[in-house]
Amino acid sequence: MTTRVWALSVDDRQALIKAAFEAKEHSYSPYSKFPVGAALMAADGSIIKGANIENASYGGTICAERTAIVKAVSEGIKSFIALAVTTNVPAAISPCGMCRQVIREFCALDMPVLLIPGDYPISPDDKTDEGRSGMTEGGVQETSIGELLPDSFGPEHLELPRK
């Protein structure tokens, strides 16, 4: 395992985790019963929250991660330094493929993505996720969009020369 150096202070990390849990409280998930909360930290330190919003026409559903990004970008915020995601599942749950691609559009490949178990903080005695890559204090899985979406396609690829 490699060692990472995140540019995220302990206080910012805690604020981001707290905001993800707060966001989850506003989930509209009557069909799946699977509330998700996301918190996106902008470069200026502000935090944008998002919750999953379901729709009876399932295709109209939007995930928490995309809700946070859409809220931020629609307000002119396009520079981010970290993302935290949580559910009610007592394990770290990763963003879906569509969310990963949207995150990739607006976030650096090495930006911290914190996957927070629903029963955070997990006791150091709990061995449920023992050995999982990137697992840190409280059961948080620390990763990045580059790790979640390897060999990804991004905006810079549209600038490549064509035949």
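- Under the ring pair (Phe, Tyr, Trp, His ring centres under 6.0 Å) criterion, F34 pairs with no residue, sequence neighbours left out.
- F106 and I62 are members of different hydrophobic clusters when ILVMFWY side chains are connected at heavy-atom separations under 4.5 Å.
- In plain terms, the two heavy atoms of A19 and I47 that are nearest each other are CB-CG2, 3.6 Å.
- Here the closest non-hydrogen pair linking A23 and A51 is O-CB, 3.3 Å.
- The closest donor-acceptor contact from the side chain of S144 to the backbone of L109 lies under 3.5 Å.
- Between the side chains of S94 and R100, a donor-acceptor pair is found at a separation under 3.5 Å.
- Taken from OG1 in T143 to CG in L149, the straight-line distance is 11.0 Å, to the nearest 0.5 Å.
- When all heavy atoms of E54 and Y31 are compared, the closest pair comes out as OE1-N, 2.9 Å.
- Note that CD1 of I53 is 11.5 Å distant from CZ of R66, once rounded to the nearest 0.5 Å.
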Would you give me the side-chain donor-acceptor pairs under 3.5 Å for residues 38-45, sequence neighbours excluded?
from : atom 1 : to  : atom 2 : distance (Å)
D44  : OD1    : S46 : N      : 2.8
D44  : OD1    : S46 : OG     : 2.6

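- Two residues are said to be in side-chain contact when any heavy atoms from C-beta on lie closer than 4.5 Å; T136 and R13 meet this criterion.
- Atoms CG and CG, on L114 and L8 in that order, are 6.5 Å from each other to the nearest 0.5 Å.
- Of all heavy-atom pairs between A20 and A84, the closest is CB-O, 3.9 Å.
- Checking side-chain atoms of Q101 against main-chain N and O of S152 turns up no donor-acceptor pair under 3.5 Å.
- Annotation: side chain of F153 is in contact with side chain of L158 (closest heavy-atom distance under 4.5 Å).
- Separating the SG atom in C99 from the CG atom in L148 is a distance of 11.0 Å, to the nearest 0.5 Å.
- With hydrogens and angles left out, the side-chain atoms of N52 and S27 include a donor and acceptor closer than 3.5 Å.
- Between E156 and R104, at least one side-chain nitrogen of the basic residue sits less than 4.0 Å from a carboxylate oxygen of the acidic one, meeting the salt-bridge criterion.
- One hydrophobic cluster, built from ILVMFWY side chains closer than 4.5 Å, cannot hold both M98 and V113; they sit in different ones.
- In this structure, CD1 on I116 lies 12.0 Å from CD1 on I93, to the nearest 0.5 angstrom.
- A donor-acceptor pair is defined here as one N or O able to donate and one able to accept, closer than 3.5 Å; such a pair exists between the side chain of H157 and the backbone of G154.
- Nearest approach of I145 to A108, heavy atoms of both residues: CG2-O, 3.4 Å.
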Taking distance alone, no hydrogens or angles, what donor-acceptor pairs closer than 3.5 Å link side-chain atoms of residues 69-81 to residues at least two apart or in another chain?
from : atom 1 : to  : atom 2 : distance (Å)
K71  : NZ     : K49 : O      : 2.7
S74  : OG     : V70 : O      : 2.9
S74  : OG     : K71 : O      : 3.0

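- A donor-acceptor contact closer than 3.5 angstrom links the side chains of N88 and K24.
- Between Q14 and I17 the shortest side-chain heavy-atom distance falls below 4.5 Å.
- Although no hydrogens or angles enter the test, the distance criterion places a donor-acceptor pair under 3.5 Å between the side chain of S9 and the main chain of D12.
- With rounding to the nearest 0.5 Å, the separation of OG1 in T67 from CD1 in I48 is 13.0 Å.
- Minimum heavy-atom separation, P117 to G139: CD-O, 3.3 Å.
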